[in-house]
Amino acid sequence: MSVETIESAGPAPRKGVSILFGLTLFGLLIVLWLLLGLATNAFWTPNNISNLLRQGAMTAILAVGQTFVIITAGIDLSVGAVVGFSSVVVAWLLAAGVPLWLALLATLLMGVLIGVFHAFGIVRMGLPPFIITLATLTSLRGIGLLITNGSTISITNEAFTTFSRADFLGIPSLFWMVIVVAVPAYVFLHLSRFGRYLFAVGSNSEAARLSGVNVNRTIYLAYILSSTCAAFVGLLLASRIGIGNATQAEGWELQAIASSVIGGTSLFGAVGSVHGPLLGAFILATINNGANLLNVNSFWQRIITGLLIIVIVYFDQLRRRGAR
Amino acid sequence: MTGLSEVTQRHDGQITAVGHPVPKGEPILELKVLKKNYGAVEALKPATMTFLSGEIHAIVGENGAGKSTLIKLLTGVIPRTSGEILWCGAPVALANPNEAIARGINAVHQEVVLCPHLSVAANMFLGDEMNSRGLMRKRAMTDAAQAVLDDLGFNLPANAELGSLTIGQQQLVATARAAMRGTQFLIFDEPTAYLTGQESAQLFRLIRRLQSQGVTIVYISHRLEEVFELADRVSVLRDGTHVGTRPITETNEAELIALMINRTIEQIYHKEHFAPGETIVETRGLSGPGFRDVSLTVRAGEIVGLYGLIGAGRSEFALGLYGRHPTTAGEIYWQGRKVSIANERTAMELGIALAPESRRDQGLCLNLPIGLNINLPVFRRMTRGLTINRAEEAANADRQIRDLQIKTPSRRVLASAMSGGNQQKIVIGKWLSHGARLFIFDEPTVGVDVGTKAEIYRLFARLLENGAGIILISSYLPEVYELADRLHVFRQGRLVASHDYRAASHEEVLAQAINA
């Protein structure tokens, strides 16, 4: 029948496309590295590479959490504020003499609670994700500033602050943290049923509900994961800068969203992966790093990031349209 | 008559500028060996057809037969591969939708593509607003739109927000909109799929009026009785081939079906009778949002049909029984035991499956692969420890695709790429893999071609044979009439009458559904 033949002309099987897109991003990253290597002697130095990996690591972890939310057709604007707030909380707890392990655990738990609050606002109060997370963004900065009275809290715990500068097998510990997050994230998103549910809820939550998916629980899960990733990044940042400061990580939510989108996540939901946002984050980090080395005015970096988002999302649109 | 002709008049200047009116009965649009390929696939094999000025020309065919390809070619949405289109005797490019509209070729689609947040009047004038020194004349447009609507006998308020109307009413607005655009050639793509009987009658009145004003109508429908009611001539497409055109007076339903699918009419409503077994579910005075005091019983091996107009409370009853909306009063007995169904999962665990009314809004995750859609209810079962058993996932999807003959090269293709019939099969496949005792099918054959319909009805028989019970909800009377062992009629949220298999006449059932 013709039905069969017409439809075989439809979109190519999805898996191949996704891998191809991932390889394209990886290729772009390699090309950037090679070009920067040719353009400047400072790029391929061990110091710069580990600096680059450290820079990209924190955005990468935020972007992975953000991607879970975006796949459900939501958005989490609060992640930058959560990072800053977490650095304050952990510094405050350590200053109050709380044992390190308990301070870390409590900070992560606070991330979980922020996610619960977001999902509660969306599911029970019916607020749009944009609004509830925007409200938390500004409130958390405010609470952090109240706690610190507008200044910073120094962290004196040596074990905590040396962690971010440490290497393991020659690779910065912060980059290892990306792997620590990415591997379970991959298992969760691509191999477990909850990952399938995230996609289903983002595609059509009513169809998911009528198929027996617990839609509310899925939304809770997505926002909890995003906030917890952000709290974790807050710990890494506190370790790196040695202080708790509520105004840190300004604008990181946009970096995270940009990384995710560059990595192929669709802001309309139901399209996304774990490797995409990771590559996206390191592409952004490379551009920033390269611009620094080439003495490009740092204001230009923001403009370049904006243009890159437009170009990559435009090509992605073309690809999707071509597949039809 | 005043309203429509006044408003149409404004546009007359534009029409005459692009083409000379063709005398009634002369060819207005001709296709000469028109062909469309998608890659190596022939979606429309070389077709030669003629549309005569002022006629109502029906086009019938199964999904995938090439009807939508033809519409897209005529409205300039896609470019042709080869061949010619003659408009009023002269070759035309029809390279884009604007050219088609400028020449007076318009289409009314099954799914309404208007702005739900604007008023009815604003939608009718969208893109062609009445202006006075750069400002919109809102009052004048509302009055003019109201005049058109009243004139057509639609009984719709022009200042209401479009989204507050039913889908059927929105369809009427879309038609009225096309009618006032100075259209010479108007294509209707399954316009009655979501309309009530009354709305369909209004639409037919409008179509006949347009015809009397000299507009050529192309009418695409799965419902052959509509074709016989309206059309002057009918063309049949099968597998991308134009297999024939007949004057309506020289053909009959049986011949058309034979041309469309090479199958006789008796084979479509496939019905097998089974001795009813134990009671699967019984509702007593069940009430909830949109339905009140519904008592009915479904036994193993029987189809219980729910007939009524759209909005009569049948789907709401189904959603209540399935736990989607909380019921407010009444009781549900599941295999004799009183149960309360608070959510969808409870319903599924008892053994209820629901193929909901709208595939697009409730049934499918359209931008996800077929395989994920099929497996969505059963991922829990496929989970081993933390992860899904991917071999099992693939095997289950492939089995349903094979058993249901879903026409796809792979389970990884997105559900949105499928035709209506194949999408419905995906929804059904979802519940076959989950398994259930009670299957609720809400409008399972809307937008589904005749061939797939027959397959779905045969599948019903297979389910009944295995001891399941079926609730079949349909607004299409012949379907429930021919298939239901017991037929319940709904009106305004209440169950108003019940009949045994073929015990009442069509007219009687229809009268009960429409008024007391």
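Quick note on labels: first sequence line is chain A, next is B, and so on, each numbered from 1.
- Taking 4.5 Å as the heavy-atom cut-off, none of the residues of residues 435-442 of chain B approach chain A.
- Side chain to side chain, A:T133 and A:D76 fail the donor-acceptor criterion of an N or O pair below 3.5 Å.
- Ring-centre distance between A:F282 and A:F175: below the 6.0 Å cut-off.
- Contact of A:F194 with chain B is not made at all, since no heavy-atom distance falls under 4.5 Å.
- The interface of residues 216-231 of chain A with chain B, defined by heavy-atom distances below 4.5 Å, comprises A:R217.
- Contact between B:L368 and A:S203 at its shortest, heavy atoms only, is CD1-CB, 3.6 Å.
- Contact of the A:H190 side chain with the A:V274 side chain is registered, since non-hydrogen atoms from C-beta on lie closer than 4.5 Å.
- Within residues 371-387 of chain B, the residues that have a heavy atom under 4.5 Å from a heavy atom of chain A are B:L372, B:L376, B:P377, B:F379, B:R380, B:T383, B:L386, B:T387, listed by number.
- Of the possible polar contacts, none joining the B:K45 side chain to the B:H242 backbone as a donor-acceptor pair under 3.5 Å is found.
- For the atom pair CG (B:D361) and CG (B:L366), the distance works out to 9.0 Å, reported to the nearest 0.5 Å.
- With contacts defined as side-chain heavy-atom distances shorter than 4.5 Å, the pair B:T346/B:V339 does not qualify.
- Listed by first and then second residue, the salt bridge (charged side-chain N to carboxylate O under 4.0 Å, His left out) pairs involving residues 177-197 of chain A are A:R196-B:E393 (not counting sequence neighbours).
- When the candidates B:E344, B:R324, B:R345 are compared by the number of heavy-atom contacts under 4.5 Å with chain A, B:R324 comes out ahead.
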